[in-house]
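For reference, the structure discussed in these notes is given below.
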Amino acid sequence: MLDTQYQAKNHESQIYKLWLEHDCFNPDSQINQELRKNLKNEEESFSVIMPPPNANDPLHVGHAMFVSIEDIMVRFARMQGKDTVWIPGTDHAGIETQFVFEKKLKKDGQSRFNFDRDTLFKMIWDYVGENSAIAVDQIKKLGASADWGRYKFTLDQDIVKTVLETFVKMNEDGLVYRTNRLVNFCPKCGTAFSNLEVDHKEQSTSLYYIKYGPFVLATTRPETKFGDTGLAVNPNDKRYQQYIGQEVEVDGLNGKFKLKVIADDFVDMEFGTGVVKITPYHDFNDFAAWQRHKNELPEPIQIVDFEGRLTEAAGKYAHLKVAVAREQVAKDLEEKGLLVKVEKNYHNNLSVCYRCGNPIEPLPLPQFYIKVKGLTEAVVKKLDQGEIKVFGAGHDKILRHWLETLEDWNISRQIVWGIRLPIWYEIDQNQNAMITFVDEQKQRISGKLGDLLKKHSIKSIKNGLQNISAEIGAKYLVSQENPGEKYLQETDTFDTWFSSSQWPFVTLINNKPGDFDRFYPTTTMETAYDILMFWVMRMLMMGIYKTGKTPFKNVYLHGLIRDSKGQKMSKSKGNVVNPMDISEKYGTDALRMALVIRSSAGLDKSVSDGDFKAARNLSNKLWNASRFILITKAEKKEEQAKNCQNDELFSKKLQEIAKEITKNLNALQIGVAADTLYNEFWHWFCDQCIEESKKGLINQELMFNGLQVFLKLLHPFMPFVTEAIWQELVKEKIVDEKVLASSAWPK
RNA sequence: GAGCCCGUAGCUCAGUUGGUUAGAGCGCUUCAUUGACAUUGAAGAGGUCAGAGGUUCGAGUCCUCUCGGGCUCACCA
């Protein structure tokens, strides 16, 4: 007999073990094959690819949300007898992981510059290996019915091979190019980022009005003046007509110099004095202006380096950090009488690194890019044809907007932890490439390849290699295989999203034989809306490019989980809900139900302790209703055949509920389905029907059937408690199906 | 500046082809309780569905505008 209260802790791990023993999550298992055969639904496949969490991160409530929603979809499909698979995996999470690892290095008094890249990669590999079980274990604790036999990691050899194949194909199709352009560079993280990875923070700064020959101009970045290559005014600005096309002499901190004045529409006559200095290598607008006026202006000058310090080109200000140099320059300008005025408390947006929060420097760096126009157009076409359905409060419109405005994708990252670009530089042809490596004495050495080779062997350079910076326009080879001794491989790694954008097909191609044809295109991609453009959009682009088909038919975007007051959860606010704590305290079913009930695609959801308690109470209610029905069933055997007054009503309503839940789940109305189940089970089945059955108005056996139906309907939402009860029924030999997880969905 | 989303009970939120008397959880009031469950049951209070206008036999739901809140993108050097 059942206990009077359901104690989740006493059941959950055993139940999960039971599912694994019956191989319930594997579409090829006997139990699932039999189910499909019985339901005659063998043809229809249902596949979900799990958004791979960072391999070494503990889960947060967002992960619990995705596990809950995806598991509901998957369990529902499986019980309907569809050929169902949910493929789990973890992500190496390039910059995120390297960032964490570098913090650890710092604690040990080390830095990444002390190691050659192979050694560093191995160290991070081991570190991730030690921690990678965390995420996987926790996903299991959340009840995920994923097929662990098909688990993949983004750096698995076979995965990497396919990812590289895609890149080689893209290169052959002319979609890859290398160019010197301004990139968003984080000097702290030491790598470039795509536009999507840059945050904007409002700051209060000073606007400096500086004398430039006959002009005064306003700038927030006086320290970049050594990189000026021209001045610009609006072509319609009457004040400056006579200067357009002229050279003006400017008195600067490092002596006098000349700047040409150009006319360009991008200059706002209203702002400042209507005169702008053109500093192409340190400002995106200026770089664009320079490109438009290339034949009128000299070559740009780089005066900030990749560590955020001024270069030799800044004369006596060389080696100063940007912020320090700004103060110094302003002070010197003032002393020389070149500073006209300073507007304090000027507000503008500063670009900051999404990862570390430090200012992003626009810097010139030759990088590899992917042409996106053809890729995005193909996605738009599929959207137009209705081949992709997006569930999530207007995010389909946002997706479209992004697809229409996306710029070429910078895929180079200056980090070690990732998939290295299959780009090769022939040594003789690249004598001017800048190389950094660690020699046998652990000394860090930089210089031109040609010069270094005079003192060092190519072997020791290769062994200790940290970084290659090939010239603009350098010749290179794209090849998955090492083309030979005479080549050096590019040191940049792919943007993490380059590999994860291929996740739906690489996980299937490199899995059990036949999986790709069997499960691709996948049915539904489920993830948080905040990575719509990072991930979902790019999966669509890459999936269609590589396979000709959309990688998934549906996109379900869940919202962010917020605290009881609707505030974002953050460590500093101390309002973070740890899913594992909730699971421990109230049970995993309660956690899942509380997250999912009344949730709506694309909209955020608040949860509080009360919500978890309410859901916990539901699991207990389920337990006790079952207990009662089992007791009466045993006691009143003789009454089982008797017809009662409300039998017909009961059966009809029960069927209606099953139909409605099925309809809701098919339409991905998960929050509504959960809410309906909650109310129908509690307030109709328990409060009403059980009471009526006590009075002899509903037949006992019918009540038992009703219980089975509710256990099945609730199973995707609350898999543990429903299975725990079901196993009691199995023990009593009053049901045929051995495992609820692989039982038939009610009709 | 552009786009998107939201505004429904004291609080947090559901309400998807427009259709009886608008729902849930928590909170509140009163009562009940040895055939399961106090992690319970019954009854109840609480809503001009932000506001205005429109379409319609009928609007929380569709359209327009206004106000309020949030998010994202782009930013003026």
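Basis for what follows: all heavy atoms, side chains included, without hydrogens, waters or symmetry-related copies. First the proteins, then the strands, lettered A, B, ... as listed; each starts at 1.
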[X] and [Y]: aromatic ring centres closer than 6.0 Å?
X        : Y        : value
A:Trp623 : A:His11  : yes
A:His715 : A:Phe76  : no
A:Trp684 : A:Phe650 : yes

Respond yes when some side-chain nitrogen or oxygen of [X] is under 4.0 Å from OP1 or OP2 of [N], and no when none is.
X        : N     : answer
A:Lys695 : B:G35 : no
A:Arg627 : B:C37 : yes
A:His401 : B:C73 : no
A:Ser606 : B:C13 : yes
A:Asn624 : B:U40 : no
A:Tyr346 : B:A77 : yes
A:Ser600 : B:G15 : yes
A:His683 : B:A42 : no

Would you classify [X] as touching base, sugar-phosphate or nothing, given that sugar-phosphate means primed atoms plus P, OP1 and OP2, and contacts are heavy atoms under 4.0 Å?
X        : answer
A:Asp286 : nothing
A:Thr219 : sugar-phosphate
A:His395 : nothing
A:Asp268 : base
A:Asp530 : nothing
A:Tyr6   : nothing
A:Gln669 : base

Roughly how many Å is it from [atom1] in [X] to [atom2] in [N], rounded to a whole number?
X        : N     : atom1 : atom2 : result
A:Lys605 : B:C11 : NZ    : P     : 17 Å
A:Tyr529 : B:C4  : OH    : P     : 16 Å
A:Leu560 : B:G70 : CG    : P     : 16 Å
A:Trp402 : B:A2  : CH2   : C1'   : 13 Å
A:Leu403 : B:U72 : CG    : P     : 20 Å
A:Lys585 : B:U39 : NZ    : P     : 14 Å
A:Arg598 : B:U16 : CZ    : P     : 15 Å
A:Leu618 : B:C26 : CG    : C1'   : 15 Å

Take atom [atom1] in [N] and the same atom in [M], then report the distance between them in whole Å.
N     : M     : atom1 : answer
B:G10 : B:A45 : P     : 14 Å
B:U8  : B:A14 : P     : 10 Å
B:U30 : B:U34 : C1'   : 23 Å
B:A59 : B:G51 : C1'   : 16 Å
B:U64 : B:A74 : C1'   : 28 Å
B:U61 : B:G18 : C1'   : 6 Å
B:G54 : B:G15 : P     : 28 Å
B:U56 : B:U40 : C1'   : 47 Å

Watson-Crick or G-U wobble partner for [N], using a 3.5 Å limit on both distances?
N     : result
B:G25 : B:C11
B:C31 : B:G41
B:G46 : none
B:A77 : none
B:C71 : B:G3
B:C65 : B:G51

Charged tip of A:Lys694 within 45° of A:Phe628 ring normal and under 6.0 Å: yes

Side chain of [X] only, heavy atoms from C-beta on: which candidate in [options] is closest?
X        : options             : value
A:Phe628 : B:U39, B:G25, B:A36 : B:A36
A:Gln7   : B:C5, B:C75, B:U39  : B:U39
A:Met533 : B:A74, B:A36, B:U72 : B:U72
A:Ile690 : B:A74, B:U72, B:A36 : B:A36
A:Ala625 : B:A77, B:C13, B:A36 : B:A36
A:Lys694 : B:C5, B:A36, B:A24  : B:A36
A:Val672 : B:C73, B:A14, B:A36 : B:A14
A:Asn620 : B:C73, B:C37, B:G25 : B:C37
A:Thr4   : B:C37, B:C4, B:U12  : B:C37
A:Val276 : B:A74, B:C4, B:A77  : B:A77

Main-chain N/O of A:Pro579 paired with A:Ser583 side-chain donor or acceptor, under 3.5 Å: no

Sole residue of A:Lys277, A:Glu361, A:Arg326 in side-chain hydrogen bond (donor to acceptor under 3.5 Å, both in side chains) with A:Thr224: A:Lys277

Whichever of A:Gln5 and A:Gly272 has its nearest RNA chain B nucleotide further upstream toward 5': A:Gln5

A:Ala601 vs A:Val198, nearer the 5' end of RNA chain B by closest nucleotide: A:Ala601

Ignoring hydrogens and angles, state whether a donor on the side chain of [X] or [Y] is under 3.5 Å from an acceptor on the partner side chain.
X        : Y        : answer
A:Asp589 : A:Ser619 : no
A:Asp609 : A:Tyr586 : yes
A:Asn646 : A:Glu692 : yes
A:Asn578 : A:His60  : no

Polar pair under 3.5 Å, donor/acceptor by atom type, side chain A:Lys621, base B:C37: yes

